[in-house]
Asker: 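Once you've had a glance at the structure underneath, I'll fire off some questions.
As the structure is a computational prediction, the values presented were derived from the model and not from experiment.
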Amino acid sequence: MLKDKKKTTVSDYIKAFVLALMSSLAVVVSNGTYIATDSLKEELGSQVLIDFWQIKAAFSYPDYSVYMLVIMAFFGFIYLIPKVSRRNIKWGIPFSIIGALFVLLCDSYFELNSWDKVFGSVTAVVTSCFKGIGIATLIFFVYDIANRVNIEKLDALNKGFDKKVFIKLTLIMIACWVPYMIIMAPGSMGTDTRDQFAQILGNGEMSWSPGTVPRKPTDILLTNHHPVAHTLLLGIFLKFGELIGSYFAGIELYCVLQSCVFAAALTYSVIKLQEYGMSERLAKIVYLFFTLCPLFPLWGMTTFKDTPFAIMLLVVTILLYDAFKMPEKFTKSKYWVLAAALFVLLLVRNNSFYMLLLLLPFAVIHFRKDKKFVIKVISVMLIPLLIFKVGFTGVAFKVAGVNNGSPREMLSVPFQQTARYIVEFENEITPEEEMNIRTILGGGELTLAEIAAEYVPDRSDPVKGEYNKYATTEDLLNYFKTWFAQLVKHPACYVEAFLNLNFSWFSSESNHDAIIYNGNTDETIPDYLEGLDNPEVLDGARSAVSQMVNALDRIPVISCLFEFSFYTWCYVVIFLAMLMRKRYTELLVCLPIFANYAICFVGPVAYMRYVIPMIVCIPFVIFITFSRRKNNNEDIEPEGNEIWIK
């Protein structure tokens, strides 16, 4: 039975007042180091008084707006405190503390490229604690509200997959995207696209990735730095454009077809959500989100590998859910479809191999009691993995003379840590350590000072670009011996380098120049592919699209949709909710998504385009995490304070 509705007590009023004051600290405290002048130190005399003055300097005198905030917070907490879920306290308190620390660190790295605003001095630590208390208070109640939400799961009508509805909704979405297909023609392209085009055409001057690996004279220009299958797919349309005398038409055709497939995948996910019990009203909201949010049509009109990866990740996630949640309904033909989808996923993004390799043992452990199903799971996952790794990137690459990507792509984090170590502790580096570092970075031609000059705290490309492609396995082993020795000496330096590279994933203030989409072609592409450029006549329209996106990005709440940090926090809450609600099968289904996030954290930079696959999947992931039948205690005991959405 549901518990009686909680009543507000005197204790709740006291708690609400205290919490209102605590949350206001996030506004009135400016954390960081405040250093008293020499004359003031002499006047104060005592170190205790000096420290007290420095802490006091962090507090701004509250104005009337702060008082109003306290009053509003007081009434808000009076309403929320009686509704707090006891089960959320266990997870919510540590999450809110860690979340507050991350918010403070993001602010510090955004301003200083270090954690000095938090850990730089005693003053910074104390003032950060005051500010952190206020932030943690707000995070806890946001977390509690989010985890009291339940999406009502309705009884699905057993109509099967309605192809007519699917085609109709897909065509409507495509029709709404047509203006973007025209305005963004022939598609958004960057340096990666230039490299892929140049590989297809055999243009060594315009292609840069072959220069990152040692190549034999007989090797072709094609490398797996970008997925070979995606490069070849682009090449088909590029060659078609060459055949008909218009590179523009060829690549525009690719982007339009990709947009159509993208729309079909998004529509498919909405129909499947209704099949799983989502209400028609919520399904319409999700459909409108996909149809009207400019992120999706803009990324449909790009030539980057992220869009086909997003399409396949969504399809694979849905198929895995069908297989793992309802194995009795998963027919033999569906297993073949899943295996094919997994193989295509492997083809369109190199890190897919590691995502699926991680999923396989957890799937075996989770379904270990059902031996027949385990055998099916192993087969349907292992076969695509083996075909891809042994047959495609092994035998086929060797026969065709295709080079694999450079090892440097996996070394962004250690290279950043080494570069920061040189910046901060160059005088402590021994001659042997210097030799090991310079052998890997610069091939012995760069000094330590020159390596340090390449260090950009939130982007690893400059340092990574100095990787010696001729480095041997022994050279790498010697480098990692040095890397580990320096880690032991100054672990804080390594932690700072990692956080400085990745804080943007959690910070709403650092969107890397508001990268929502790439609006123009790489300026060098038209130099060797005549006519392959955004038409000048559409410059005004593209500018209008950019202004529209920027305007939406400034509207409260709606702006969250255009900040990739918002989705990171969403997935953190989702992950904890899955654990709390014991949604282990759902967690298993989403493991490739979480693994992809983890791979992003060891990548070269935080970009909006890397998050597009996770954004595409988030309505589906939210539903399978928070959906419940209202009169069925299938995972957690109701407390009477749940928030039901239908």
Asker: Quick check for you: to the nearest 0.5 Å, what is the distance between Met72 atom CE and Phe77 atom CZ?
Answerer: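 Here the interatomic distance stands at 11.5 Å.
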Asker: Nearest 0.5 Å, what's the CD-NZ distance between Gln416 and Lys464?
Answerer: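 Those atoms lie 9.5 Å apart.
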Asker: Are Met312 and Arg349 close enough that some pair of their side-chain heavy atoms sits under 4.5 Å apart?
Answerer: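 A side-chain contact is absent here, since even the closest heavy-atom pair is not under 4.5 Å.
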Asker: Suppose we screen for side chain to side chain contact (heavy atoms under 4.5 Å, CB included). Which residues come up paired with Leu80, at least two apart in sequence or across chains?
Answerer: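 With sequence neighbours excluded, Leu80 shows a side chain to side chain contact (heavy atoms under 4.5 Å, CB included) to Phe141, Ile145, Arg148, given in chain and number order.
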Asker: Using every non-hydrogen atom in the two residues, find where Pro186 and Glu252 come nearest and quote the distance to one decimal.
Answerer: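 Closest heavy-atom pair between Pro186 and Glu252: CA-OE1, 3.1 Å.
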Asker: Do the two ring centres, one from Tyr321 and one from Tyr276, sit under 6.0 Å apart?
Answerer: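 Tyr321 vs Tyr276: aromatic centres under 6.0 Å.
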Asker: Would you say Thr127 and Ser30 make side-chain contact, with heavy atoms under 4.5 Å?
Answerer: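 They are not in contact (no side-chain heavy atoms under 4.5 Å apart), so the answer is no.
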Asker: For residues Phe248 and Pro535, determine if any side-chain heavy atom of one lies less than 4.5 Å from a side-chain heavy atom of the other.
Answerer: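 In contact.
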Asker: State, with a plain yes or no, whether a side-chain heavy atom of Leu529 is found less than 4.5 Å away from one of Met189.
Answerer: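 They are not in contact (no side-chain heavy atoms under 4.5 Å apart), so the answer is no.
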Asker: Using a 3.5 Å distance criterion without hydrogens, assess whether the side chain of Asp306 forms a donor-acceptor pair with backbone atoms of Ile612.
Answerer: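 Not at all, since once roles are kept as given, no pair shorter than 3.5 Å links the two residues.
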Asker: Might you point out which heavy atoms bring Asn500 and Arg420 nearest each other, and give the distance in Å?
Answerer: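 Closest approach of Asn500 to Arg420: OD1-NH1, 2.9 Å.
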Asker: So, the side chain of Ser627 versus the backbone of Phe623: is there a donor-acceptor pair under 3.5 Å, distance only?
Answerer: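 Yes, Ser627 side chain to Phe623 backbone: donor-acceptor pair under 3.5 Å.
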Asker: Only pairs under 3.5 Å count here: list side-chain donor-acceptor contacts from residues 98-105, not counting sequence neighbours, and write none if there are none.
Answerer:
none

Asker: So, does Gln258 use its side chain to make a donor-acceptor pair with the main chain of Met301 at under 3.5 Å?
Answerer: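 Checked: no pair found.
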Asker: Using distance alone, with no hydrogens and no angle criterion, decide if Ser412 and Ser460 have a side-chain donor and acceptor under 3.5 Å apart.
Answerer: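 Indeed, the side chains of Ser412 and Ser460 share at least one donor-acceptor pair under 3.5 Å.
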Asker: Just wondering, more than 12 heavy atoms not from Tyr79 lying within 6.0 Å of its OH?
Answerer: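 Count not over threshold, so no.
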Asker: Between Ser508 and Ser565, is any side-chain donor less than 3.5 angstrom from a side-chain acceptor?
Answerer: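 Side chains of Ser508 and Ser565: no pair found under 3.5 Å.
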Asker: Who pairs with Gln417 by side-chain hydrogen bond (donor to acceptor under 3.5 Å, both in side chains), at least two apart in sequence or on another chain?
Answerer: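 Counting only residues at least two positions away or on another chain, Gln417 forms a side-chain hydrogen bond (donor to acceptor under 3.5 Å, both in side chains) with Trp483.
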Asker: Would you name the heavy atoms of Leu313 and Pro613 that are closest together and state the gap between them?
Answerer: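 Shortest heavy-atom contact: CD2-CB, 3.9 Å.
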Asker: Closer than 3.5 angstrom, by distance alone: can the side chain of Ser546 be matched with the main-chain N or O of Arg542 as a donor-acceptor pair?
Answerer: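 Side chain of Ser546 to backbone of Arg542: no pair is present.
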Asker: Nearest 0.5 Å, please: how far is CD in Glu563 from OG in Ser507?
Answerer: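 Those atoms lie 9.0 Å apart.
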Asker: Is the backbone of Phe140 close enough, under 3.5 Å, to the side chain of Asp144 for a donor and an acceptor to pair up by distance?
Answerer: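 Pair absent, no side-chain N/O of Asp144 close to backbone of Phe140.
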Asker: Please check this pair: side chain of Arg459 against backbone of Val605, looking for a donor-acceptor N/O pair closer than 3.5 Å.
Answerer: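 No.
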Asker: Taking only residues two or more places apart in sequence, or in another chain, which ones meet Ser128 in a side-chain hydrogen bond (donor to acceptor under 3.5 Å, both in side chains)?
Answerer: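 Listed in chain order: Asn31.
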Asker: Got a sec, which residues hit side-chain hydrogen bond (donor to acceptor under 3.5 Å, both in side chains) with Lys305, two or more places apart in sequence or on another chain?
Answerer: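 So Lys305 forms no side-chain hydrogen bond (donor to acceptor under 3.5 Å, both in side chains) with any residue.
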Asker: Can you run down the salt bridge (Lys or Arg N to Asp or Glu O under 4.0 Å) pairs that involve residues 65-81, sequence neighbours left out, and say none if there aren't any?
Answerer: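 Listed once each, the pairs would be none.
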Asker: Given Ile615 and Phe564, is the side chain to side chain contact (heavy atoms under 4.5 Å, CB included) satisfied, shown in steps?
Answerer: CA-CA 9 Å; Ile615 298 174; Phe564 55 80; over 6 Å; no
Asker: Any side-chain to backbone donor/acceptor pair from Ser23 onto Ala73? Under 3.5 Å, distance only.
Answerer: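 Side chain of Ser23 to backbone of Ala73, a donor-acceptor pair under 3.5 Å: no, none is there.
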Asker: Check whether any side-chain N or O of Thr267 sits under 3.5 Å from a backbone N or O of Phe166 as a donor-acceptor pair, and report yes or no.
Answerer: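 Looks like no, no N/O pair under 3.5 Å.
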Asker: Of all residues at least two apart in sequence or in a different chain, which pass the side chain to side chain contact (heavy atoms under 4.5 Å, CB included) check with Val423?
Answerer: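 Partners of Val423 under the side chain to side chain contact (heavy atoms under 4.5 Å, CB included) test: Ala452, Tyr455.
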Asker: Within the 4.5 Å heavy-atom criterion, are Ile622 and Ile151 side-chain neighbours or not?
Answerer: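 Touching, per the 4.5 Å side-chain cut-off.
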Asker: Could you walk me through whether Arg581 and Asn147 pass the side-chain hydrogen bond (donor to acceptor under 3.5 Å, both in side chains) check?
Answerer: CA-CA 9 Å; Arg581 297 175 183 228; Asn147 278 283; 4.7 Å; no
Asker: Which residue is it: Tyr571, Phe506, Phe575, Tyr610? I am looking for the one with a ring-ring contact (aromatic ring centres under 6.0 Å, His included) to Tyr597.
Answerer: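 In the set Tyr571, Phe506, Phe575, Tyr610, the residue that makes a ring-ring contact (aromatic ring centres under 6.0 Å, His included) with Tyr597 is Tyr571.
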Asker: Can you check whether Ile643 reaches Asn150 side chain to side chain, under 4.5 Å on heavy atoms?
Answerer: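 No. Closest side-chain heavy atoms not under 4.5 Å.
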Asker: Is Arg628 salt-bridged to Glu152, cutoff N-O under 4.0 Å?
Answerer: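 A salt bridge is absent here (no side-chain N lies under 4.0 Å from a carboxylate O).
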Asker: Considering residues at least two apart in sequence or located in another chain, which fulfil the side chain to side chain contact (heavy atoms under 4.5 Å, CB included) criterion with Asn350?
Answerer: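 Counting only residues at least two positions away or on another chain, Asn350 forms a side chain to side chain contact (heavy atoms under 4.5 Å, CB included) with Asn224, Pro227.
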Asker: Take a 6.0 Å sphere around OH of Tyr268 and say whether it holds more than 12 heavy atoms from other residues, nucleotides or ligands.
Answerer: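 Yes, the 6.0 Å shell around OH holds more than 12 heavy atoms from other groups.
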Asker: List the steps, then state whether salt bridge (charged side-chain N to carboxylate O under 4.0 Å, His left out) holds for Asp192 with Arg609.
Answerer: CA-CA 13 Å; Asp192 285 358; Arg609 74 180 177 95; 3.3 Å; yes
Asker: Any donor and acceptor pair, going by atom type alone, linking the side chain of Asn502 with main-chain N or O of Phe601 inside 3.5 Å?
Answerer: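 Flag set: sc Asn502 to bb Phe601 pair under 3.5 Å.
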Asker: Once side chain to side chain contact (heavy atoms under 4.5 Å, CB included) is applied, do any residues pair with Leu171, and if so which ones, sequence neighbours excluded?
Answerer: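 Checked Leu171 against side chain to side chain contact (heavy atoms under 4.5 Å, CB included); matches are Ile167.
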Asker: Should Val616 and Trp299 count as side-chain neighbours, where that means a heavy-atom distance under 4.5 Å?
Answerer: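 Side-chain contact under 4.5 Å: no.
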Asker: Flag yes if more than 12 heavy atoms outside Met548 fall under 6.0 Å of its CE atom; otherwise flag no.
Answerer: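 Yes - once you tally the heavy atoms of other residues, nucleotides and ligands closer than 6.0 Å, there are more than 12.
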Asker: Can Met614 and Tyr567 be said to form a side chain to side chain contact (heavy atoms under 4.5 Å, CB included), step by step?
Answerer: CA-CA 8 Å; Met614 280 75 93; Tyr567 298 99; 5.7 Å; no
Asker: Which class fits the ring pair His225 and Trp208: parallel under 30°, tilted 30 to 60°, perpendicular over 60°?
Answerer: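 The rings of His225 and Trp208 stand perpendicular, inter-plane angle above 60°.
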Asker: Who are the ring-ring contact (aromatic ring centres under 6.0 Å, His included) partners of Trp115, not counting sequence neighbours?
Answerer: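 Once residues adjacent in sequence are excluded, the partners of Trp115 under the ring-ring contact (aromatic ring centres under 6.0 Å, His included) criterion are Phe119.
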Asker: Which heavy atom of Leu561 sits nearest to which heavy atom of Met608, and what is that distance?
Answerer: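 Shortest heavy-atom contact: O-CE, 3.9 Å.
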Asker: Just grab all the salt bridge (Lys or Arg N to Asp or Glu O under 4.0 Å) pairs involving residues 166-178, residues at least two apart or on different chains.
Answerer: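 Qualifying pairs: none.
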Asker: Will you find, in the side chains of Asp553 and Ser559, an N or O donor that is under 3.5 Å from an N or O acceptor?
Answerer: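 Per modelled atom types, Asp553 and Ser559 side chains form no pair under 3.5 Å.
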Asker: When you compare the side chains of Asn534 and Asp539, does any donor N or O come within less than 3.5 Å of an acceptor on the partner?
Answerer: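 Side chains of Asn534 and Asp539: no pair found under 3.5 Å.
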Asker: With a distance cut-off below 6.0 Å to the six-membered ring centre and an angular limit of 45° from the axis, does Arg408 pair with Phe415 as a cation-pi contact?
Answerer: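 Judged by the rule (NZ or CZ under 6.0 Å from the ring centre, within 45° of its axis), Arg408 is not positioned above Phe415.
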Asker: Tabulate below the donor-acceptor pairs under 3.5 Å that side-chain atoms of residues 287-296 make, not counting sequence neighbours, or state none.
Answerer:
unit_1, atom_1, unit_2, atom_2, d
Tyr287, OH, Leu169, O, 2.6
Tyr287, OH, Met173, N, 3.4
Thr291, OG1, Tyr287, O, 2.7

Asker: Do you know the tightest heavy-atom contact between Ser209 and Asp195?
Answerer: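 For Ser209 versus Asp195, the nearest heavy atoms are OG-OD2, 2.6 Å.
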Asker: Could you tell me which non-hydrogen atom of Ser96 sits nearest to which non-hydrogen atom of Ala136, and how far apart they are?
Answerer: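 Distance-wise, the nearest heavy atoms are CB-O, 3.3 Å.
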